[in-house]
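Proteins come first, then strands; the chains are lettered A, B, ... in the order of their sequence lines, and each starts at number 1. Computation of the quantities below employed the complete heavy-atom set of this structure, encompassing side-chain atoms and omitting hydrogens, waters and symmetry-equivalent molecules.
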Amino acid sequence: MFSESLAWLIIALPVAAFLLNGTVVRAFIGTDTRVAGWVTISAVAGSFILSLFALASVASKGAAVHDPHNWLTVQGFDLTFGILLDQLTSIMFVVVSGVSLVVQFYSQQYMHGDKSYTRYYSYMALFTASMLGLVSARNVVQLFVFWELVGVSSYLLIGFWMERPSAAAAAKKAFLMTRFGDFGFLLGILYLYFVNPSYLDIPTLYEAVGAGAIAAGVATWISLGLFMGAIGKSAQFPLHSWLPDAMEGPTSVSALIHSATMVTAGVFLVARFFPLFHASNMMDLVVLIGGVTAVFAASMGLVANDIKRVLAYSTISQLGYMVMALGLGAYAPALFHLFTHAFFKAGLFLGSGSVHHASGTFNMKYMGGLRKNMPWTYWTMVIGSLSLAGIFPFSGFWSKDELLASAFERGSTIGWVALILGLTAALMTAFYMFRAIFLTFHGEYKGGAEAEAEDAKKNNLPMPVGLGHTHRQESPWVMVAPLVVLASLAIVIGFLVNPLFDLGPIKKHSFATFVTERNVNVFTGGHGEEAVDDGHAETSHLPDAVEAGAAPEFSLPTAVISTVLAVGGILLAYSMYITGSVSPAAMGRRLPTVHKLLFRKYYFDELYEDRLVIRVFYARVVRFFAWFDVSWIDNVNVQLSKLTANVGRGLANVQSGQTQTYAAIMAIGVVAALLALLVWGN
Amino acid sequence: MFNGLLTVTVFLPAVAAVVIALTLKNKQAVRWSAIGVATVTLLLSIIVFVSYDRTVGGVQFVDQITGWIPVDALRAQYLLGVDGLSAPLVLLTGFLGMAAAFGSWRVEHRIKEYFFWLLMLESAVMGVFVSLDLLLFFVFFEFELIPMYMLISIWGSGRPKYSAMKFVLFTLFGGAFMLVGILALFLSQGVGTFAMVSIPEAGIVGIPDLIAGVDLIAPAALIFSFFLVAFAVKLPLWPLHNWLPDAHTDAPTAVSVMLAGVLLKMAGYGLLRINLGFFQETKGFTIHDAAGFLSVLAVISVIYGAIVTIQQTDMKRLIAYSSVSHMGFVMLGVAAVGSSADKLSQAGLNGAALQMFTHGTITGLAFLMVGLTYERTHSRHIPHLGGLARKMPLIAIFFIIAGFGSLGLPSLSGFVAEITIFLGTFPVWPWATGIAAFGVVLAAGYTLWMVQRTFFGPGPQAGGMSEESYEKLTDANWVDMIAVMALTIPIFVVGIWPSVITDTFKLGIEAAIR
């Protein structure tokens, strides 16, 4: 049995690495020592191995709900924390620690020579620990704690190169926009507590929802708050615009945090509270936000020139897919897509880092022809792209197909809307990914970082940040090995974990069956002993909603249509960027408004930063309050004190020095006092 | 009864101040003996906090001398003691006092007087938290003005005389109301004592028990509001907050640390001890009648304070305004008494008490870090700074910790206090709490904006400090780090293990609730 202390150890190992790197290693070994990397890698490797055991334990013996511990107790008020190791958590454990391990390994080379190498590995350990804590929280407040810690690790890592103003600004933007969403999350928690303080405990909440104790209206308000948090964290429309800017961080950070793990926290949150969402009236809203985001973000990816930004838009779009699926009630397909996406998207990001290593730039306009120089990077990225585009038999095909099939199965208006949005996004995805592949790896080499720097100088543009040196060759094996691992997973993992038919020991739809299982072990452990309520406990852990969200049957029509669209997208990219039979420039000229709209990201940065924050909030609201504070509140004080001084000066005349006057005033006073005594005294 | 521990804790700094002033000549000797005294005081306060018996609760370590003022009619006692409410604040004062002393080791100007007043200040604040006699409480509450006036006006910068006078006038204004309130209580039929709590072991019956349900000499609402005005000025609560930014901006670093760290807490303490402790069963008016009003003022303080903070360009002024916002949370927690006794939320009140403690350490740390920055850059004007993290990584790290503490990052103590206030007060005042919670978004805005502009970036912003002086910047040294750690450790400890403080506070709150 996987004990509670082992579960805590999964979180504690990276915490220890963070503390060790942040204090001892930094102070006594160095700020750029390889030791820091080894510390974090061994800690994360430990977490990963334990996570595999945790998964195996949950798979064989069911979910484990460990007793809560008291954190803060006041009369009539308890905040507790504990481990909830269910199917969802065990999957997330493996994804987070697995991707983290691969990325940490890769970073040894990618971050090699950075003067803050130790700091990098401390932050990465902090992030990994927080993310593992987030997915295993038993209490909503506990979840929120780790949610915020994940946010701050993201802030620190986006702004890792803090001497770059753009990185510092991007870090702040990311934190603020997600915090705006967190405000909704917080209100959701407050309302949940208001409804019943014990609902902060997630298993208790599940029971209450299962018993129908929460009215739909109430569930809607709470879900709405939680969903706001999810929108911020998973960069869904309309709080999406921080994620492309977050690419200012090191590419390895983008691979881990801004594609595979942290940004999926929003999806995780909806999945964690899926029963509550399901009981609410806002599932259709979830579908719409997710679906619109999927298309909206993909459309911006069509024209971006920065390869990391293309991947960022793609991430937002894929997260939209997952959110949409959850809204449709397709619980298992959403998680399946989260699972497959984590591996191939992390692989693509690491690939873009490898490309940067060779060309010194992220701008695809200055790449080209790298296929010959870096075959490993090329092929792994092609595999990742095929998977992302949803081409048979890569892993993305299976998960994306399930999403679309569940929309198809759902029928009715919302199902059709979802299906159309999903298919449109699929077309766009295939196009922009292969546009990126062709621009990067095919055609002529266009000079890399040096050419970009020259162009900038020639046109009097500000020098692009983050330019490196060009050495057109394959990256070292420390970087290539992770690419190969992730690409291999991108090929097989989709079919292997969730096959369409019994595959030897792997049962049909085993992933979907697993995540929708309801068997639970409830630990009523006192004194460290765990009294295991073995087997299938009577406590139904997840209400029916989850079970109903199992995998849909394979649907040939959607599979065919989505494949045709994906292949069409690839062919379009081919004809535009390889054969040149369709000219992208001409297309841009023909549709100037559309091109500009996409290129300027629908003007959302201008709307938020320039209009709302600077011109409305800052120039009007803040200025007004500050003016009011000085001209009214403070001024009243000053005037009052002046008045007092004048009165005092006037009264000073009374102090004339004439004894008669004093005696007279005294006499009046005595008489007044006596009168007062007569009237009130008794 | 005379235990003696508290008397020593309170008067050690003051007595030592006199001895140091009279005997020592050498600057270095003055400096280190003052620092030593502050350290011993911290140890004493730790002893008080740790040895306070939580299984027994109530008032402990009582020092009582009747006939302190030998006028029979006055019946003022010398009465010291701590309970769950004051024990953590004594501890806080110890930490802040030590941090302030270490943070002052670079002071050169009139150093003997400086440390004399600084130690006097610590005695005065300590006295406020342990006095259980209203008159004695008042004496300490007012006495603190003298060292503060001296410290700001002599060692301050900017417009020190103006700011010091403003500070004194505001506090005296509130203090005058409080004195009338104290006398009104004392003169009421059947009271005739200044004891703030009942201590059965010492045979003391306190005012709260004496005034429950009886007619007072003046309407209870009036007496309540007299105390409220005094504490609202000190907290400070909107719209009585304007002395704070001036006092903070012009005060020397260590004084800002003390001001934000413990002086404001005297107000929060007063609210809980007197406005809450006295006025729950008074006839005709109770604190429940004022709770709605208080919640509104609290929300205005939180949001107004945060918005005005955004406009500030002086680092100290920025943190000062953020204090207005954060102390508004204390008031919000106090408002959790609700409009009637059955609505009362102990969580909210405990959150208010905890917020005092956490704000003391976090904002104290913030002022300390600004002070360390200013000593090196000679500027606090945000548009003149930039890129400081590269030259002063340690200062940057701890500044960012203070910043994250202030924006309520979990694992730091500020979060625990805020979430407790929010969860506790939301069922009582849902709208007020919901709106006030937006303060944490604004807090993230102004904090990160300041961090970005001062510490990040390639170097000083255009028109700021010269390249030359930028290159010469040095990081904090080990003496600085002692002060920094004295505040950072409590921030993390309470953030991760809040029960260490709340288990004590809750005894005090339970006792205050009748």
Open item on the list: Does any backbone or side-chain atom of Thr73(A) lie under 4.5 Å from a heavy atom of chain B? Answer side chain, backbone, both or neither.
Closed with: both
Task: Per-residue contact mode, Arg26(A) against chain B (heavy atom under 4.5 angstrom) - done: side chain
Task: Intermediate values then yes/no, side-chain contact (heavy atoms from CB on, under 4.5 Å), Phe77(A) and Asn350(B) - done: CA-CA 10 Å; Phe77(A) 174 77; Asn350(B) 273 282; over 6 Å; no
TODO: Counting only heavy atoms closer than 4.5 Å, note whether Tyr155(A) contacts chain B via side chain, backbone, both or neither.
DONE: side chain
TODO: Please answer whether the main-chain N or O of Val440(B) pairs with a side-chain N or O of Arg179(A) as donor and acceptor at a distance below 3.5 Å.
DONE: yes
Open item on the list: Minimum heavy-atom separation for Lys172(A) and Leu448(B), please, with both atom names.
Closed with: CG-CB, 3.7 Å
- [ ] Please state whether the side chain, the backbone, both or neither of Val638(A) comes within less than 4.5 Å of a heavy atom of chain B.
- [x] side chain
- [ ] Could you tell me the separation between the CG atom of Asp634(A) and the CG atom of Asp246(B), rounded to the nearest 0.5 Å?
- [x] 6.0 Å
Task: Contacting moiety of Trp449(B), where chain A heavy atoms sit under 4.5 Å - done: both
TODO: Measure Tyr446(B) against the heavy atoms of chain A and call it side chain, backbone, both or neither at under 4.5 Å.
DONE: neither
- [ ] Could you tell me which non-hydrogen atom of Ser499(B) sits nearest to which non-hydrogen atom of Leu72(A), and how far apart they are?
- [x] OG-CA, 4.3 Å
Task: Value rounded to 0.5 Å, distance of CG in Asn637(A) from CZ in Phe170(B) - done: 3.5 Å
Open item on the list: Distance check, rounded to the nearest 0.5 Å: Lys173(A) atom NZ versus Gln452(B) atom CD?
Closed with: 12.0 Å
Open item on the list: Quick one, Ile307(B) and Phe624(A) - any side-chain contact, counting heavy atoms below 4.5 Å?
Closed with: no
Open item on the list: Any non-hydrogen side-chain atom of Tyr193(A) less than 4.5 Å from a side-chain atom of Pro427(B)?
Closed with: yes
Open item on the list: Please classify the contact between Phe404(B) and chain A as side chain, backbone, both or neither, with a heavy-atom cut-off of under 4.5 Å.
Closed with: side chain
Open item on the list: What part of Ala169(A) gets within 4.5 angstrom of chain B, counting heavy atoms only: side chain, backbone, both, or neither?
Closed with: both
Open item on the list: Please rank Asp503(B), Ile400(B), Thr420(B) by heavy-atom pairs under 4.5 Å with chain A and give me the top one.
Closed with: Thr420(B)
TODO: Give me the ring orientation class for Phe183(A) and Phe438(B): parallel if the planes are under 30° apart, tilted from 30 to 60°, perpendicular past 60°.
DONE: perpendicular
- [ ] Check the angle between the aromatic planes of Trp71(A) and Phe415(B) and answer parallel, tilted or perpendicular using the 30° and 60° thresholds.
- [x] tilted
Task: Tyr618(A) vs Gln311(B) side-chain heavy atoms within contact, under 4.5 Å - done: yes
- [ ] Heavy atoms only: give me the nearest Pro410(B)-Glu148(A) pair and the separation to one decimal.
- [x] CD-CB, 3.3 Å
Task: Among Val152(A), Leu187(A), Asn70(A), residue most engaged with chain B (heavy-atom pairs, under 4.5 Å) - done: Val152(A)
Task: Min side-chain heavy-atom separation Asp629(A)-Tyr304(B) under 4.5 Å - done: yes
Task: Residue pair Leu79(A) / Leu423(B), side-chain heavy-atom distance below 4.5 Å - done: yes
- [ ] Starting at CD of Gln75(A), measure out to CG of Leu349(B) and round the result to the nearest 0.5 Å.
- [x] 12.0 Å
Open item on the list: Between Phe625(A) and Tyr321(B), is the ring centroid distance below 6.0 Å?
Closed with: no
TODO: Would you indicate whether the side-chain heavy atoms of Leu186(A) and Ile419(B) approach each other to under 4.5 Å?
DONE: yes
Open item on the list: If I measure from the heavy atoms of chain B, does Ile633(A) come under 4.5 Å with its side chain, its backbone, both, or neither?
Closed with: both
Open item on the list: Heavy-atom cut-off 4.5 Å, strictly under: side chain, backbone, both or neither for Leu442(B) against chain A?
Closed with: side chain
